[in-house]
Asks: 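Below is a structure I'd like to ask you about.
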Amino acid sequence: MPTPKAYSVKAYSAASATAPLAGTTISRREPTETDVQIRIQYCGVCHSDLHYARDEWHFTQFPAVPGHEIIGQVTAVGSAVTKFKVGDIAGVGCLVDSCRTCPDCQAGLEQFCTSMVMTYGSSDKHLGGPTHGGYSQSITVAEDFVLKIPANLDPAAAAPRLCAGITTFSPLHHWKVGKGQKVGVVGLGGLGHMGVKFAHALGAHVVLFTTSAGKADDAKRLGADEVVLSKDEAQMAKHANSFDFILDTVAATHDLNAYLNLLKRDGNLTLVGAPEKPLPVAAFPLIFRRRSLNGSLIGGLPETQEMLDFCGKHNITADIEMIKMEEINTAYERMLKSDVKYRFVIDMASL
Ligand SMILES: [Zn+2]
Ligand SMILES: [Zn+2]
C-alpha cells in the first residue's frame, strides 16, 4: 500500500528497557479513507504497558510508546467511514488491525488472529517501525477497530474497559455466567475489581478470593456477596464442589488445585492472569468432577463493543486514580506494589 502522509504528535516513550519514560515526538498517519483520527483524552495504565516499556516480554521495539486503553474525541474521518463522525467519543483497545480473512477474524475473534496488529509493539503497516500506543496526543486507527463509547459513561473511568474490562467480561460472557450461578473471582486488583462488578451485574452470586483481609469491605462495595481468605483452609473447604465458574486474575504463583476443588461437576476455572512460571495441576480434581481449566485473552471487536454497551446499560465503569503524564514512572512503581485502587488513568491533557 502507498505510504500515507504523516503528522507529528507529542508522546511519552521509553528509550530503552532501563530508561524512565519521557517526552518525545512520534509520527501518526493522516487518515486514509477507512481511518478514524482520534485526539486522545484519557489512557488507562495496564500492567502490560510496564512489561513492554521494560522489554520484559523480549519483543519491545524502542522507542516504546505504551497504552492500549484509549478514549478520545474523533477529529477526522476518512471518506469511506460510516460509523463515526467528528466529535464522537471513541475508544481503542489492544488491537488496531488484523488479517480480517482467517477463521478467527471471520468469527469476530480478532484477538486470536496470528496476524493481529497490536496497538503497540507490532509492525506499523502504514508508516513502518513499531506501532505506538496511547501515551500520545492523537492516534489514527482503521474504523473497524474503533469502538463506540456509550454517552452516559464517564470517559476517563471507561478507559480501563478497553483492556482490563474486556479481559474479564469475555470469559464470563463466553461461559454464560448469569443468574442462579455461584461465581468466584480470584484477586482484587485491576482485573479482579472489574470481574466482581461484571459478575454481579450479570446476576451471579459472587465470591471474592483474596489473601488480604483488608480488601473485604471494598470487595463488598464493588458487588461481592461473600469474601473468602484463600489462605484459610477451613474457609476454603466450606465452598468445596459449589462453584459454577471461577475467574482467576492472579499473575503471581499460586495453587490452582485449591480452586479446582471448589468447582461443581462440569465447573470451569478460567485464567486471565499470567504467572511467569508454569503452575502444577493435579489430574484428580479435573477427572473426578469433569472440571475444566482454560484461559482467555481480551476479546474480539464485536464482543468488546457488546461489553461497552453492557457497561452503558448498567452504568459500570472502573474505579480509577487519575494521574498526569509526567507521573507515569511513579505510577509504574506503585502498580508493582499493587498500590492503586484500581486503575491509573492518564489525563492526556497533561502531556
Ligand atoms: Zn492491557
Ligand atoms: Zn485473521
Side-chain angles (χ1 to χ4, degrees), residues 1 29 32 34-36 38 44 46-49 51-52 57-61 66-70 78 80-84 90-126 130-134 139-149 160-177 191 194-195 198 202 245 247-249 251 268-275 278 292-311:
M1 73 182 76
R29 67 180 184 271
T32 66
T34 52
D35 281 339
V36 174
I38 298 164
C46 176
H47 213 111
S48 304
D49 297 356
H51 287 301
Y52 180 66
W57 290 332
H58 312 295
F59 70 83
T60 303
Q61 302 179 62
H68 58 201
E69 295 180 339
I70 298 166
V81 168
T82 57
K83 288 187 300 182
F84 295 91
V92 178
C94 303
L95 304 175
V96 289
D97 209 346
S98 68
C99 86
R100 303 173 187 232
T101 55
C102 74
D104 295 317
C105 288
Q106 293 287 310
L109 298 169
E110 297 87 355
Q111 76 272 33
F112 302 122
C113 175
T114 52
S115 303
M116 68 175 169
V117 181
M118 294 183 298
T119 304
Y120 57 82
S122 286
S123 293
D124 187 327
K125 288 192 256 187
H126 301 269
T131 52
H132 289 308
I139 191 167
T140 304
V141 178
E143 173 184 26
D144 292 344
F145 287 76
V146 180
L147 296 143
K148 287 180 179 291
I149 305 300
R161 293 277 150 225
L162 293 157
C163 174
I166 186 61
T167 297
T168 49
F169 180 85
S170 179
L172 294 168
H173 185 234
H174 177 75
W175 293 99
K176 300 186 171 58
V177 161
L191 292 174
M194 291 194 207
F198 279 134
L202 288 163
F245 180 87
L247 180 69
D248 187 340
T249 71
N268 185 74
L269 174 62
T270 297
L271 308 182
V272 290
S292 298
L293 169 65
N294 54 66
S296 185
L297 173 70
I298 49 172
L301 271 295
E303 193 177 49
T304 305
Q305 189 63 59
E306 193 175 335
M307 177 271 307
L308 288 164
D309 296 344
F310 181 84
C311 289

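From a predicted model like this one, the values you see are computed outputs, not experimental measurements.
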Asks: Of Thr167, Thr304, Leu162, Thr168, which meets side-chain contact (heavy atoms from CB on, under 4.5 Å) against Ile298?
Replies: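 It is Thr167; the other options fail the test.
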
Asks: To the nearest 0.5 Å, tell me how far Leu269 CG sits from Asn294 CG.
Replies: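 Taking CG in Leu269 and CG in Asn294, the distance rounds to 7.5 Å.
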
Asks: Can you measure from CG (Leu297) to CZ (Phe112) and round to the nearest 0.5 angstrom?
Replies: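 Result: 5.5 Å between the selected atoms.
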
Asks: Rounded to the nearest 0.5 Å, what separates atom CD in Glu306 from atom CG in Leu301?
Replies: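 Interatomic distance, Glu306 CD to Leu301 CG, rounded to 0.5 Å: 12.5 Å.
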
Asks: As a quick check of understanding, evaluate side chain to side chain contact (heavy atoms under 4.5 Å, CB included) for Glu143 and Thr82, giving each step before the final call.
Replies: CA-CA 8 Å; Glu143 173 184 26; Thr82 57; 3.5 Å; yes

Asks: Go through it in stages, so that I can follow the logic: the residues are Met118 and Cys94, the test is side chain to side chain contact (heavy atoms under 4.5 Å, CB included), and I'd like the CA-CA distance, side-chain angles, deciding distance and then a yes or no.
Replies: CA-CA 6 Å; Met118 294 183 298; Cys94 303; over 6 Å; no

Asks: Heavy atoms, side chains only, cut-off 4.5 Å: are Val81 and Asp35 in contact?
Replies: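 Val81 vs Asp35: side chains apart.
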
Asks: For the backbone of Lys148 and the side chain of Gln305, can you confirm whether one donor and one acceptor N or O come within less than 3.5 Å of each other?
Replies: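 Present.
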
Asks: With a 4.5 Å cut-off on side-chain heavy atoms, are Leu147 and Val92 touching?
Replies: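 No; the side chains remain at least 4.5 Å from each other.
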
Asks: Enter the distance from Leu109:CG to Cys102:SG here, rounded to the nearest 0.5 Å.
Replies: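 Here the interatomic distance stands at 9.0 Å.
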
Asks: With a 4.5 Å heavy-atom cut-off, do Lys83 and Val36 have their side chains touching?
Replies: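 With C-beta onward as the side chain, the pair stays apart.
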
Asks: For the side chain of Thr119 and the backbone of Leu95, is there at least one donor-acceptor N/O pair under 3.5 Å apart?
Replies: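 It does hold such a pair.
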
Asks: Evaluate the criterion side chain to side chain contact (heavy atoms under 4.5 Å, CB included) for residue pair Leu293 and Leu271; output intermediate values, then yes/no.
Replies: CA-CA 8 Å; Leu293 169 65; Leu271 308 182; 4.0 Å; yes

Asks: Any heavy-atom pair between the side chains of Arg161 and Ile166 that's under 4.5 Å?
Replies: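 Heavy-atom side-chain distance check fails, nothing below 4.5 Å.
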
Asks: Rounded at 0.5 Å granularity, tell me how far CE in Met307 sits from OG in Ser170.
Replies: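 One gets 9.5 Å once the value is rounded to the nearest 0.5 Å.
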
Asks: What do the steps show when you test Ser122 against Asp124 for side chain to side chain donor-acceptor pair (under 3.5 Å), and what is the final call?
Replies: CA-CA 6 Å; Ser122 286; Asp124 187 327; over 6 Å; no

Asks: How long is the span from the CD1 atom in Ile70 to the SG atom in Cys163, to the nearest 0.5 Å?
Replies: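 Rounded to the nearest 0.5 Å, the CD1-SG separation comes to 11.0 Å.
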
Asks: Counting distance only, does the side-chain N/O of Ser98 pair as donor-acceptor with the main-chain N or O of Cys113 below 3.5 Å?
Replies: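 Absent.
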
Asks: Please examine the side chains of Trp57 and His51, heavy atoms only from C-beta on, and report whether any two atoms are closer than 4.5 Å.
Replies: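 Counting from C-beta outward, His51 and Trp57 do come under 4.5 Å.
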
Asks: Less than 4.5 Å apart, any side-chain heavy atom of Ile149 and any of Leu308?
Replies: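 Yes; the side chains approach each other to less than 4.5 Å.
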
Asks: Could you go through the side chain to side chain contact (heavy atoms under 4.5 Å, CB included) check for His68 and Cys46 one step at a time?
Replies: CA-CA 8 Å; His68 58 201; Cys46 176; 3.5 Å; yes

Asks: Should the ring pair Phe169 and Phe198 be called parallel, tilted or perpendicular, given that the plane angle runs from 0 to 90° and is split at 30 and 60?
Replies: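 Perpendicular.
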
Asks: Does any part of the side chain of Asp144, heavy atoms only, come nearer than 4.5 Å to the side chain of Arg100, both counted from C-beta?
Replies: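 In short, these two side chains touch, coming nearer than 4.5 Å.
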
Asks: Does Thr249 use its side chain to pair, donor to acceptor, with the backbone of Leu191 at less than 3.5 Å?
Replies: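 Between the backbone of Leu191 and the side chain of Thr249 there is no qualifying donor-acceptor contact (under 3.5 Å).
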
Asks: When you measure from the side chain of Glu110 to the backbone of Asp97, do you find a donor-acceptor pair of N or O atoms at a distance under 3.5 Å?
Replies: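 Answer holds: no.
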
Asks: Kindly say whether Tyr52 contributes a backbone atom to a donor-acceptor pair with the side chain of Thr60 at under 3.5 angstrom?
Replies: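 Yes: the side chain of Thr60 pairs with the backbone of Tyr52.
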
